[in-house]
Protein chains: 2
Amino acid sequence: MSKQDAEGQVLAQLAEVVGCSPLAREPLSAEQSSELARVFKAMGDPVRLRLLSLIASHAGGEACVCDLTDVFDLSGPTISHHLKVLREAGLITGERRGTWVYYRVRPELLAQVATVLEPAASDALPVVEA
Amino acid sequence: MSKQDAEGQVLAQLAEVVGCSPLAREPLSAEQSSELARVFKAMGDPVRLRLLSLIASHAGGEACVCDLTDVFDLSGPTISHHLKVLREAGLITGERRGTWVYYRVRPELLAQVATVLEPAASDALPVVEA
DNA sequence: CCCCTGATTCGACGGCTGTCAAGGTAGACG
DNA sequence: CGTCTACCTTGACAGCCGTCGAATCAGGGG
């Protein structure tokens with residue numbers, strides 16, 4: 001619950017601070033770049049990035065921790081640590097159902113991040129605008 | 001020159017390895033996630049992210065190092081270090097013209113990264129398709 | 001109630017990273 | 001040539017980060 005709130009706040013902060021301002025439109029403020037960097041930092045690890053893709057592409061949009069652990073040559077605690085980092089960055093959410101814990105991605109956050117990146121490409125790739 | 005080649009190879013590798021495979025479509029391989037993580041890691045620092053936006057949004061699409069250094073309360077070598085990280089990640093390119101060195105972003109790489117992120121959002125936000 | 005499994009937290013350790021001061025290189029200008 | 005400015009490289013150091021083993025927490029059955 002408090003954990004859920006914290007996750008929600010991360011997303012809300014990102015939405016508020018970053019908004020839809022494209023990277024190439026205007027320079028990021030110190031605050032904006034700190035918020036955004038937190039997300040990129042979380043994605044800046046091969047294991048976490050793979051975890052993210054495993055969860056995102058898993059059937060039903062969610063994956064149990066035990067499914068994820070088997071994929072890597074890493075200890076349980078290490079996987080748990082990486083999942084925590086992703087959670088605290090607002091990229092995924094975790095829910096306990098009985099014995100198992102299921103994780104799913106937050107598509108909204110990924111969409112926001114993509115929005116920040118994309119317009120920079122519009123200088124190179126012509127985009128049809130309304 | 002060898003430096004330029006190295007930068008080009010990073011981009012080529014990313015293009016080859018990552019391609020246009022969306023995050024939520026299928027799980028990333030260990031190799032793919034390592035390549036992608038390298039880029040996210042480079043963006044996972046507030047200073048570097050801000051440098052990136054400063055360069056991207058600067059008039060003419062390029063910025064001189066001296067323009068960038070003044071923005072931060074950081075020493076010259078530190079800025080130079082961050083620029084090197086961004087360069088080795090394939091996110092920017094540097095060119096010396098006389099006394100000054102000018103940096104500009106690689107929109108292609110940003111576009112590719114955005115492509116990897118975006119399709120995950122299409123599950124949440126309805127998208128109009130042709 | 002005790003144990004068994006799944007998952008997280010804790011404590012510790014090695015390696016990586018951001019930072020700076022000092023020194024080095026490249027080009028411009030006399 | 002000498003020197004000045006712009007930028008980079010090196011070396012060093014503190015702090016962070018990924019990893020593990022051990023301990024701990026949460027449920028589900030005997």
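The B:R87 side chain lies nearest to D:dC8 when the options are D:dC8, C:dA7, C:dG18. Of the candidate nucleotides D:dT5, D:dA22, C:dA7, D:dT5 has the atom lying nearest to any side-chain atom of B:T99. Each of D:dA6, C:dG6, D:dT9 was ranked by its minimum atom distance to the side chain of B:W100; first place goes to D:dA6.
With contacts defined as side-chain heavy-atom distances shorter than 4.5 Å, the pair B:L86/B:Y103 does not qualify. No side-chain heavy atom of B:I55 sits less than 4.5 Å from a side-chain heavy atom of B:E62. Proximity of B:P46 to B:L49: side-chain heavy atoms (C-beta onward) are nowhere separated by under 4.5 Å.
Backbone-only contact: A:R48 has heavy atoms under 4.0 Å from sugar-phosphate atoms and none from a base. Within 4.0 Å (heavy atoms only), B:G76 reaches no atom of the nucleic acid at all. Nucleic acid contact class of B:L74 (heavy atoms, under 4.0 Å, all strands): sugar-phosphate only. When heavy atoms are screened at a 4.0 angstrom cut-off, A:F72 is found touching no nucleic acid atom at all. Within the 4.0 angstrom heavy-atom criterion, only backbone atoms of the sugar-phosphate kind lie near A:D73; the bases stay farther away.
Residue A:L83 contributes atom CG, which lies 10 Å from atom P of C:dA7 at whole-angstrom precision. One atom, OH of B:Y102, and another, P of D:dC8, lie 13 Å apart when rounded to the nearest Å. In this structure, CD1 of A:I79 is placed 12 Å from C1' of C:dA7, rounded to the nearest angstrom. Distance, B:R38 CZ to C:dT17 C1': 16 Å, rounded to whole Å. Rounded to whole Å, atom C1' of D:dT9 lies 12 Å from atom NE2 of B:H81. Residue B:E88 contributes atom CD, which lies 12 Å from atom P of D:dC8 at whole-angstrom precision. Computed from coordinates, the A:L51 CG to D:dT19 P distance equals 10 Å when rounded to whole Å. Atom-to-atom, CZ of B:R96 to C1' of C:dG27 comes out at 6 Å; the value is rounded to the nearest Å.
Of the side-chain N and O atoms in B:K41, none sit less than 4.0 angstrom from OP1 or OP2 of D:dC17. The shortest distance between the side-chain N/O atoms of A:S75 and the OP1/OP2 oxygens of D:dC20 is below 4.0 Å.
Just one residue in the list B:R50, B:R87, B:R48 forms a side chain to side chain donor-acceptor pair (under 3.5 Å) with B:H82, and that residue is B:R48.
Listed here is the closest heavy atom pair of A:L28 and B:S53: N-OG, 2.9 Å. Here the closest heavy-atom approach between residue A:S75 and residue A:T78 is recorded as OG-OG1, 3.0 Å. The minimum heavy-atom distance linking B:E95 with B:R97 is given by the pair OE1-NH1, 3.0 Å.
End-to-end axis angle for the helix from C:dC1-D:dG30 to C:dG30-D:dC1, using five pairs per end and rounding to 10°, comes out at 10°.
Each of A:V47 and A:G98 lies near DNA chain D, and the nucleotide nearest A:V47 is the one positioned closer to the 5' end.
Taken together through direct or relayed side-chain contacts under 4.5 Å among Ile, Leu, Val, Met, Phe, Trp and Tyr, B:Y102 and B:L68 form parts of separate hydrophobic clusters.
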